[in-house]
Amino acid sequence: MILVLKQDATMNAIATLIDLLKTMGVSVQEIKGGANPMLGIAGDVSAFPEDTIARNELVETILHVREPYKRAGRRFHPEDTLVTVGNAKIGAGHFAVMAGPCSVESEDQILSIARDIAGSGATFLRGGAFKPRSSPYAFPGLGLDGLELLKVARQKTGLPIVTEIMSSEHLEAFAKDVDVIQIGARNMQNFTLLREVGALGKPVLLKRGLSSTIEELLMAAEYLINGGTENIILCERGIRTFETATRNTLDLSAIPVLKQKTHLPVIADPSHGTGYWHLVEPMALAAVAAGADGLIIEVHNTPQTALCDGQQSITPEVFHHLMKKIQRVRQAINVNNRED
Ligand code: PEP
Ligand code: MN
């Protein structure tokens, strides 16, 4: 619920009210930007003495927020969230591209790709060290050795690294070494992991589950926020539908829907979203036109021998041309973007 306070409420009086509300077992958040000061109340409100609070002299009226997510929603936080990672920025008008292989395979491979994508203007290096694979016989990633190689690539190129965590046992290593912690589609509703990763307070890339609704994605973000981080980037990565021509169906409409419902930056993954390298470019451009704050794209120097997702990986050369087209689409739709 939202407490709309009287316009003349003083800062001191508001602070006292916040302290009182916090003793009632709920979380309290100041909402800025409206004509009146407002407080967002989230958490378990079943025992919240709403009638008493409504009679408080500072309170003008109480609004009920219909959506089950509160802190991830725009009603509690009307302004766009800007996620900053070193020099890289995403959200609030800043556009970013994350690129790199599905999996880190060797030092030569990750360094070669990292240098190429950095030269083409990518903002983040992606690469899986711990891979969720449908088959127990498929390449599971290099694990902690893969993390070490990502660190070398970061050091050589300056690109912050984005990589997926699969288990709580690696929280410490990720807290120390990873710039943006990815929670993959298959773990989007691993609520323990969400709480634990949120508590690290680091930026998180949260991918939409294969069969999850937009509301479920936002509820997963709410877990992260309640855990302790608001630096969350949401990712539409394709959902399961009856269509078999593509690996998944990239839900482009999720981008403007999310942009309306949440303050968090929203990116698209046309690689997993389609499953085919030749579909990556058209869907990347479509996602930009639909208002995405960024993209995550699989790039491999030798896709034909990639240990994972080669069929949907584009080469550094194709990526280079795509980056130019992305700029043109952004200019064409004339988004009121800040400097990237
Ligand atoms: C990935 O980014 O390599 C990945 C496994 O993504 P998703 O969780 O979306 O399948
Ligand atoms: Mn992949």
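Both counts, for ligands and for their atoms, begin at 1 and track the order of listing.
The atoms of ligand 1 that sit less than 4.0 Å from any heavy atom of Arg186 are 7 (P), 8 (O), 10 (O). Atoms of ligand 1 found under 4.0 Å from any heavy atom of Lys131 (numbered from 1 in listed order, with element): 1 (C), 3 (O), 5 (C). Near Glu298, with a cut-off below 4.0 Å to any heavy atom, the atoms of ligand 1 are 3 (O). Near Gly184, meaning under 4.0 Å from one of its heavy atoms, ligand 1 places the atoms 8 (O).
Note on Cys308: not counted as a metal contact of the Mn ion (ligand 2), no N/O/S atom lying under 2.8 Å.
For His272, the N, O or S atom closest to the Mn ion (ligand 2) goes by the atom name NE2. Looking at Asp309 and the Mn ion (ligand 2) together, the shortest N, O or S contact belongs to OD2.
At the top of the distance list for atom 2 (O) of ligand 1, counting protein heavy atoms only, stands Arg126 NH1, 2.7 Å. Counting only heavy atoms of the protein, atom 9 (O) of ligand 1 lies nearest to Arg237 NE, 2.7 Å. Counting protein heavy atoms only, atom 8 (O) of ligand 1 is closest to Ala185 N, 2.7 Å. At the top of the distance list for atom 6 (O) of ligand 1, counting protein heavy atoms only, stands Lys207 NZ, 3.0 Å. For atom 1 (C) of ligand 1, the nearest protein heavy atom (residue, atom name, distance) is His272 CE1, 3.2 Å.
Side-chain atoms of Asp293 come within 3.5 Å of backbone atoms of Val266 as a donor-acceptor pair (strictly under, hydrogens ignored). Judged by distance alone, the side chain of Glu222 and the main-chain N or O of Arg71 form a donor-acceptor pair under 3.5 Å.
Rounded to 10 degrees, the OE2-metal-SG angle spanning Glu298 and Cys102 at the Mn ion (ligand 2) equals 90°.
Inspection of the Glu243 and Thr249 side chains reveals no N or O donor paired with an N or O acceptor under 3.5 Å. Residues His272 and Asp309 have side chains that bring a donor and an acceptor to within less than 3.5 angstrom of each other. In this structure, a donor-acceptor pair under 3.5 Å is absent between the side chains of Asp108 and Ser106.
Annotation: Glu50, atom CD; neighbour count of heavy atoms from other residues, nucleotides and ligands within 6.0 Å is above 12.
Salt bridge present: Arg74 and Asp80 bring a charged side-chain N and a carboxylate O closer than 4.0 Å.
Taking the side chain as every heavy atom from C-beta outward, Val299 and Thr315 never approach each other to under 4.5 Å.
The aromatic rings of His263 and His77 sit parallel to each other, their planes meeting at less than 30°, with 60° as the upper class boundary.
On a distance-only criterion, Gln182 and ligand 1 share at least one N/O pair closer than 3.5 Å.
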